[in-house]
Amino acid sequence: MAENSVEAAARAIGRARSIVVFSGAGVSRESGIATFRDPEEGIWSKYDPMEMATLEGYVRDPSFVWTWYEHRFGIVVDAEPNLGHRAIAELEELFPTVTVVTQNIDGLHQRAGSTDVIELHGTMHRYACLHRKHVGFKRDDFADQEERPPRCPVCGDLIRPEVVWFGEALPAAELDRAQLRSAACDAMLVVGTSAVVFPAAALPLQAIHSGATVIEVNPEPTALSRQATFSLRGPGGEVLPQLVAALQERRKAPDG
Ligand code: BJW
């Protein structure tokens, strides 16, 4: 078992060239955005995922689900990237290739300055028609409609957020690229995810299988913890800046 200290983790990845950051809801927790599976405050402790995050649930009660996403959209636009997001963006100054593969739909990695972000579960900043045949709509595209949820300007079907619900395929190009990056990276940071939702949760397993150093950052143990090379226990907003600082120190050292 590796020594689970920030310094030991920084030492292990100091010479890496290609880094993948695989993130989940926990990385945005310190920006005031709820996670899904926290037993008390998680979204799924208050709402039934089969009602709120499936196509069938949306068709059953579009108005209810739309209003819920509008509420969550309001929280996200008022939120700011936190120290964890910013530390992840700073990794681009330390390593030649940094790809952020996120399950989050909030856009906070991009707002923090990360330039290569793969959104595996879509984004709440774009909209699609019900079966995602027509995608990439902005709010302005249906601002003149009174009906809520609005209708697709192309096919007339219900508009929905361009996110991935249970039972739906992940965007193929994004998943392909995430799999390629995960299989080829030297190191992966797994931050703020319970690692239970597939196929996304297979990416760290792919990285481990390919021989990458995998560092988990999470206040709680997860499905992945036993297999990770390092498990750094604590919130992303504390641990990630410490890790970046340790990496910067190593760069300054003569043998770094
Ligand atoms: C902190 C912190 C701090 C707290 N700092 N950390 C194989 C086995 C079993 C089931 C399946 C399987 N393959 C597929 C399935 C079915 C299903 C699935 O995985 N179910 C499992 C739950 C059992 N998967 C799917 O349905 C997927 N689709 C699919 O497989 O399609 C197949 C297909 C192919 C071809 C054609 C058609 C179909 C789709 C999954 C979509 C998930 N969607 C959601 C909602 C998105 C939209 C929205 O937000 O409204 O995505 S569900 C929700 O879970 C959301 C998240 O992205 C995802 C993952 O959650 P995440 O990010 O890990 O959050 P939490 O809350 O679980 O964890 C937070 C963590 O943070 C915790 O560990 C905390 O400790 C930690 N934390 N504070 C750092 N400050």
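Just so you know, ligand 1 is whichever comes first in the structure, and atom 1 is the first atom listed for that ligand. The figures here come from the full heavy-atom set of this structure, side chains too, leaving out hydrogens, waters and symmetry mates. Residues: numbered from 1 along the sequence shown.
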Selection from [options] by shortest heavy-atom distance to [atom]:
atom	options	value
atom 45 (C) of ligand 1	Val164, Thr193, Leu170	Val164
atom 69 (C) of ligand 1	Gly192, Pro49, Gly24	Gly192
atom 66 (O) of ligand 1	Trp44, Phe22, Phe36, Tyr47	Phe36
atom 72 (C) of ligand 1	Thr35, Thr123, Asn218	Asn218
atom 33 (C) of ligand 1	Gly234, Ala169, Gly122	Ala169
atom 54 (O) of ligand 1	Arg37, Glu30, His121, Gln103	Arg37

**OP:** Please state which part of Ile43 comes within less than 4.0 Å of ligand 1, counting heavy atoms only: side chain, backbone, both or neither.
**Re:** neither
Original post:
Of the backbone atoms (N, CA, C, O) and the side-chain heavy atoms from C-beta on, which set of Glu168 has a member under 4.0 Å from an atom of ligand 1: side chain, backbone, both, or neither?
Top reply: backbone
Subject >> Validation row: Val217, Leu240 side chains within 4.5 angstrom (heavy atoms) >> reply: yes
Original post:
In a check of side-chain contact (heavy atoms from CB on, under 4.5 Å) between Ser31 and each of Leu83, Asn82, Ile75, Asp78, which one passes?
Top reply: Asn82
Original post:
For ligand 1, which atoms sit closer than 4.0 Å to a heavy atom of Pro235?
Top reply: 3 (C), 5 (N), 80 (N)
**OP:** Show which atoms of ligand 1 fall inside a sub-4.0 Å distance from at least one heavy-atom site of Trp165.
**Re:** 39 (C), 41 (C)
Does [Y] offer a backbone N or O that forms a donor-acceptor pair with the side chain of [X] under 3.5 Å?
X	Y	value
Arg160	His131	no
Asp157	Leu130	no
Thr123	His125	yes
Glu162	Gly136	yes

Output yes when the distance from some N or O of ligand 1 to some N or O of [X] is under 3.5 Å, and no in every other case.
X	result
Glu220	no
Val163	no
Pro199	no
Arg29	no
Val197	no

What I want to check is whether the side chains of [X] and [Y] have a donor and an acceptor closer together than 3.5 Å.
X	Y	result
Glu92	Thr115	yes
Thr213	Thr229	no
His85	Ser28	yes

Original post:
Passes side chain to side chain contact (heavy atoms under 4.5 Å, CB included), Glu119 versus Ile105? Steps please.
Top reply: CA-CA 7 Å; Glu119 295 178 311; Ile105 62 172; over 6 Å; no
Return a yes/no value: protein heavy atom under 4.0 Å from [atom]?
atom	result
atom 16 (C) of ligand 1	no
atom 9 (C) of ligand 1	no
atom 35 (C) of ligand 1	yes

Which heavy atom of the protein is the closest neighbour of [atom], given with residue, atom name and distance?
atom	result
atom 26 (O) of ligand 1	Gly167 N, 2.7 Å
atom 50 (O) of ligand 1	Tyr69 OH, 2.5 Å
atom 23 (C) of ligand 1	Val196 O, 4.2 Å

Original post:
Is the closest heavy atom of Gly42 to ligand 1 under 4.0 Å?
Top reply: no
Original post:
Does ligand 1 have an atom under 4.0 Å from some heavy atom of Met124?
Top reply: no
**OP:** Apply side-chain hydrogen bond (donor to acceptor under 3.5 Å, both in side chains) to Thr222 and Glu216, showing your working.
**Re:** CA-CA 9 Å; Thr222 74; Glu216 178 177 64; 2.5 Å; yes
Original post:
Relative to the ring of Trp165, is the ring of Tyr58 parallel (under 30°), tilted (30 to 60°) or perpendicular (over 60°)?
Top reply: tilted
Original post:
Angle class for the Trp68/Tyr47 ring planes (parallel below 30°, perpendicular above 60°, tilted otherwise)?
Top reply: tilted
